[in-house]
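I have placed the structure first, in the form of structure tokens, so that the comments after it can refer back to it.
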Number of protein chains: 2
Amino acid sequence: MANYMTNLDSAFASLADPTRRAIISRLCEGPKSVSELSDPFDIALPSLLKHVRVLEESGLISSVKVGRIRTCKVETHALQATKAWLQQHITTWEERLDRMEAHIETMKRET
Amino acid sequence: MANYMTNLDSAFASLADPTRRAIISRLCEGPKSVSELSDPFDIALPSLLKHVRVLEESGLISSVKVGRIRTCKVETHALQATKAWLQQHITTWEERLDRMEAHIETMKRET
DNA sequence: TCAATACTTTCCCACATGGCTAACTATATG
DNA sequence: CATATAGTTAGCCATGTGGGAAAGTATTGA
């Protein structure tokens with residue numbers, strides 16, 4: 001029953017960078033090594049590694065090193081948490097709109 | 001059939017700041033003026049206004065000025081778009097896990 | 001009309017971020 | 001053992017970001 005201390009700040013910040021979203025997209029196809037990840041990007045390895053670190057610190061991915069290869073994979077908890085925040089707010093707003101409409105209907109009937 | 005040119009970069013970046021998420025949360029209760037919004041924050045008005053502008057530019061909120069009062073409200077399109085991105089990726093990853101499991105089952109049966 | 005109100009603009013500052021190169025470490029592999 | 005491979009660290013740099021104070025503009029309200 002782990003307490004997935006999801007930090008929305010860092011999760012959203014991580015997702016704000018297109019390179020990092022692309023990394024996540026690629027990892028959704030399956031786990032990949034750091035250099036496999038770097039392949040499609042026109043970016044130096046240390047720069048890519050920074051992105052990997054950022055993603056890992058925000059809990060969006062995880063990685064393990066075996067021999068000289070570090071393999072990265074997606075972690076869904078943090079993704080779920082950010083999605084949940086969005087869903088929550090969309091819902092709250094839409095419920096409010098519904099109440100407004102209902103209220104307007106009532107007003108109409110009362111005239 | 002508007003093409004809601006949702007810029008994920010700016011949407012996620014906007015949501016990375018806790019003050020801005022708080023602004024959105026408050027706006028989900030209903031539209032508010034700039035100074036109403038600034039009330040609960042220990043922050044100067046120009047700073048808050050900057051956040052409002054950032055949120056507006058990323059399409060997460062909109063605002064209109066009537067007289068000397070600017071009223072802000074939530075816009076759900078951008079929220080929906082960011083949620084959709086997350087949902088898409090969560091789904092892709094989970095489908096992959098399902099295929100993996102199925103594959104392992106097949107392997108087992110073949111031994 | 002004069003004062004208060006509600007932003008708005010301008011400019012400043014400290015710090016974080018994303019990129020780089022160069023050099024280093026730790027595993028394979030021939 | 002020598003060399004290639006796969007990451008990693010360190011340090012630099014330009015730019016962006018979140019905060020502020022001060023001063024300005026445009027609407028009310030008395």
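In what follows, chains carry the letters A, B, and so on, assigned in the order in which the sequence lines appear, proteins first and then strands, with residues in each chain numbered from 1. Hydrogens, waters and symmetry mates play no part in the numbers below; they use all other heavy atoms, side chains included.
Taking the nucleotide of DNA chain C with the nearest heavy atom to each of A/Leu48 and B/Leu49, the more 5' of the two is matched to B/Leu49. Where B/Thr71 and A/Thr19 meet DNA chain C, the nucleotide closest to each residue was compared, and B/Thr71 sits on the side nearer the 5' end.
Per the geometry, CG belonging to A/Asp39 stands 15 Å off C1' belonging to D/dG7, to the nearest Å. The distance from atom NE2 of A/His51 to atom C1' of D/dG7 is 16 Å, rounded to the nearest whole Å. Rounded to whole Å, the distance from CG on A/Asp9 to P on D/dT17 is 16 Å. Across the protein-nucleic acid pair, A/Arg53 atom CZ and D/dA10 atom C1' stand 14 Å apart, rounded to whole Å. Rounded to whole angstrom, the span from the NZ atom of B/Lys50 across to the C1' atom of C/dT8 amounts to 13 Å. The CZ-P distance, from B/Arg20 to D/dG16, rounds to 15 Å in whole Å. Residue A/Leu45 contributes atom CG, which lies 18 Å from atom P of D/dA4 at whole-angstrom precision. With rounding to whole Å, A/Leu37 atom CG is found 14 Å from D/dA6 atom P.
Heavy atoms of A/Ile43 sit under 4.0 angstrom from primed sugar atoms or phosphate atoms, though from no base atom. When heavy atoms are screened at a 4.0 angstrom cut-off, A/Ala44 is found touching base atoms of the nucleic acid. Nucleic acid contact class of A/Ile69 (heavy atoms, under 4.0 Å, all strands): sugar-phosphate only. Heavy atoms of B/Ser35 sit under 4.0 angstrom from primed sugar atoms or phosphate atoms, though from no base atom.
Residue A/Ser47 places none of its side-chain N or O atoms closer than 4.0 Å to OP1 or OP2 of C/dG18.
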Letter per nucleotide, 5' to 3', of nucleotides 22-30 of chain D [B base touched, S only sugar-phosphate touched, - untouched; heavy atoms, 4.0 Å]: B----BS--
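A single hydrophobic cluster is seen to contain both B/Ile23 and A/Trp93, as judged by linkage of ILVMFWY side chains at heavy-atom distances under 4.5 Å, directly or through other members.
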Which is it for B/Glu75 and B/Lys73 under the salt bridge (charged side-chain N to carboxylate O under 4.0 Å, His left out) test, yes or no, and what are the steps along the way? CA-CA 7 Å; B/Glu75 288 298 328; B/Lys73 70 180 222 282; 3.2 Å; yes
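Checked against a 6.0 Å centroid threshold, the rings of B/His89 and B/Trp85 count as neighbours.
B/Arg20 and B/Ser14 form no side-chain donor-acceptor contact under 3.5 Å, judged by distance and modelled atom types alone. No side-chain donor-acceptor contact under 3.5 Å links A/Ser10 and A/Glu57.
A/Thr91 pairs in a side-chain hydrogen bond (donor to acceptor under 3.5 Å, both in side chains) with only one of the listed residues (A/Gln88, A/Gln87, A/Glu94), which is A/Gln87.
The side chain of A/Arg70 approaches D/dG7 more closely than any other nucleotide in the set D/dG19, D/dG7, C/dT8.
Scanning all heavy atoms of the two residues, the minimum distance from B/Leu27 to B/Leu37 falls at CD2-CD2, 3.9 Å.
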